[in-house]
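For reference, the structure is listed below as structure tokens.
This is a predicted model, so every value here is computed, not measured.
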Amino acid sequence: MNKTYLKLSLDLDFVLIAITASLKDYVLCHKINTSLNFDFEKIDDHEVYFNIDENPLAFSKYYFFVEQGEIEYYIINNRNAEGFLIPEMNKVDFFMIIHQYIDKEDLNFILAGLNKLSDIQVAAQIDPRKLRSRENLVM
């Protein structure tokens, strides 16, 4: 009897920026909105099931959409009272996820703008394919 295998692959076609800042999520978004002219708004939490027989963990999530280029920006909190969204990145407080194509110049502008904010210790681009818990970032 022939066996058929189903191979699933995650859509990791996005830019991921790790942000370390000891701020509340809404304060961080307000500072980014005012300094970088973004318009992040709170949306439903990002829920992740770590164990199938337990309730999901919820992480606060903010959204901003740019019609020109149809670029979607998300800011997701990496920690809540029960744990981390990406446990191997436990020093990171937030992730910015950018869906759709963004050129290197725009990405560098965002990174430079984030790093200029006095309350952000560091903001750096990371490769989501190198994370063990990368499936937790899929929207």
Side-chain angles (χ1 to χ4, degrees):
M1 176 178 204
N2 291 337
K3 292 184 179 182
T4 303
Y5 293 95
L6 178 63
K7 184 176 180 179
L8 298 175
S9 63
L10 298 174
D11 179 17
L12 299 174
D13 190 23
F14 56 83
V15 174
L16 182 63
I17 298 173
I19 301 172
T20 302
S22 56
L23 296 171
K24 298 284 187 184
D25 50 6
Y26 57 89
V27 175
L28 175 71
C29 288
H30 175 71
K31 289 182 179 279
I32 292 172
N33 286 347
T34 55
S35 66
L36 295 175
N37 294 324
F38 281 26
D39 192 20
F40 279 103
E41 294 180 354
K42 177 87 168 90
I43 59 174
D44 291 337
D45 288 345
H46 183 68
E47 294 185 341
V48 177
Y49 287 89
F50 285 96
N51 293 314
I52 199 160
D53 56 341
E54 295 178 6
N55 290 333
L57 295 183
F59 299 89
S60 63
K61 182 168 60 172
Y62 293 78
Y63 179 73
F64 171 54
F65 180 73
V66 178
E67 287 187 32
Q68 181 182 359
E70 296 184 355
I71 302 173
E72 295 179 314
Y73 295 87
Y74 295 92
I75 291 182
I76 301 177
N77 206 331
N78 187 40
R79 59 182 81 215
N80 68 14
E82 290 94 31
F84 293 93
L85 177 66
I86 306 295
E88 64 268 25
M89 300 286 291
N90 61 7
K91 302 287 189 231
V92 172
D93 298 305
F94 303 94
F95 291 104
M96 180 183 281
I97 298 173
I98 306 170
H99 282 277
Q100 292 297 7
Y101 175 76
I102 182 170
D103 63 27
K104 199 68 168 165
E105 184 178 314
D106 290 340
L107 179 59
N108 289 337
F109 172 78
I110 292 169
L111 285 169
L114 291 172
N115 282 307
K116 283 181 186 173
L117 292 174
S118 61
D119 295 308
I120 293 180
Q121 284 79 34
V122 68
Q125 181 181 2
I126 57 175
D127 185 356
R129 293 176 294 235
K130 293 183 179 179
L131 298 173
R132 285 190 316 260
S133 307
R134 60 187 165 267
E135 65 275 356
N136 297 347
L137 295 170
V138 175
M139 299 288 160

Can you tell me how far the CD1 atom of Ile43 sits from the OG atom of Ser60, to the nearest 0.5 Å? 10.5 Å
To the nearest 0.5 Å, how far apart are CD1 in Ile17 and CZ in Phe95? 11.5 Å
Please identify each residue that fulfils side-chain contact (heavy atoms from CB on, under 4.5 Å) with Asp93, with sequence neighbours left out. Thr20, Arg79
Smallest heavy-atom separation, Ala21 atom then Gln121 atom, equals CA-OE1, 3.2 Å
d(Phe50 CZ, Asn136 CG) to nearest 0.5 Å is 4.5 Å
List the residues meeting side-chain contact (heavy atoms from CB on, under 4.5 Å) with Ser35, not counting sequence neighbours, and say none if there are none. Leu117
Is the number of heavy atoms from other residues, nucleotides or ligands under 6.0 Å of Phe65 CZ greater than 12? yes
With Lys116 via side-chain contact (heavy atoms from CB on, under 4.5 Å) - residues at least two apart: none
Does the side chain of Phe14 come within less than 4.5 Å of Leu16's, by heavy atoms? yes
About how many Å separate CG of Asp45 and OH of Tyr62, when rounded to the nearest 0.5 Å? 9.0 Å
Are Leu107 and Ile120 co-members of a hydrophobic cluster defined by side-chain heavy atoms under 4.5 Å apart? yes
Less than 3.5 Å apart, which donor and acceptor atoms pair up between the side chains of residues 83-91 and the rest of the protein, not counting sequence neighbours?
unit_1	atom_1	unit_2	atom_2	d
Glu88	OE1	Ser133	OG	2.8
Glu88	OE2	Arg132	N	2.7
Glu88	OE2	Ser133	N	2.9

Find the distance between CG (Leu28) and CD1 (Ile75) and round it off to the nearest 0.5 Å. 5.0 Å
Roughly how far, to the nearest 0.5 Å, is CD1 of Ile19 from CG of Asn115? 9.0 Å
Who are the salt bridge (charged side-chain N to carboxylate O under 4.0 Å, His left out) partners of Asp127, not counting sequence neighbours? Arg129
Going only through I, L, V, M, F, W and Y residues with side-chain contacts under 4.5 Å, is there a path from Tyr73 to Tyr101? no
Are Val122 and Met96 connected, step by step, through hydrophobic side chains (Ile, Leu, Val, Met, Phe, Trp, Tyr) whose heavy atoms are closer than 4.5 Å? no
Which word best sums up how the rings of His99 and Tyr74 line up, parallel for under 30°, tilted for 30 to 60°, or perpendicular for over 60°? perpendicular
Please check: side-chain N/O of Asn80 versus main-chain N/O of Glu82, any donor-acceptor pairing under 3.5 Å? yes
Taking the side chain as every heavy atom from C-beta outward, state whether Ile98 and Ile110 have any atom pair closer than 4.5 Å. yes
So do Val92 and Ile126 actually touch side chain to side chain, heavy atoms under 4.5 Å? no
Return the orientation label for the Phe40 and Phe38 ring planes: parallel under 30°, perpendicular over 60°, tilted otherwise. tilted
Who passes side-chain contact (heavy atoms from CB on, under 4.5 Å) against Asp119, sequence neighbours left out? Leu23, Lys31
Take atom CZ in Phe109; do more than 12 heavy atoms of anything else shown fall under 6.0 Å from it? no
Kindly say whether Leu137 contributes a backbone atom to a donor-acceptor pair with the side chain of His46 at under 3.5 angstrom? no
According to a 4.5 Å side-chain heavy-atom criterion applied to Ile, Leu, Val, Met, Phe, Trp and Tyr, with indirect links allowed, do Leu36 and Tyr26 form part of one hydrophobic cluster? yes
Heavy-atom closest pair, residues Phe59 and Asn78: CE2-O, 3.8 Å
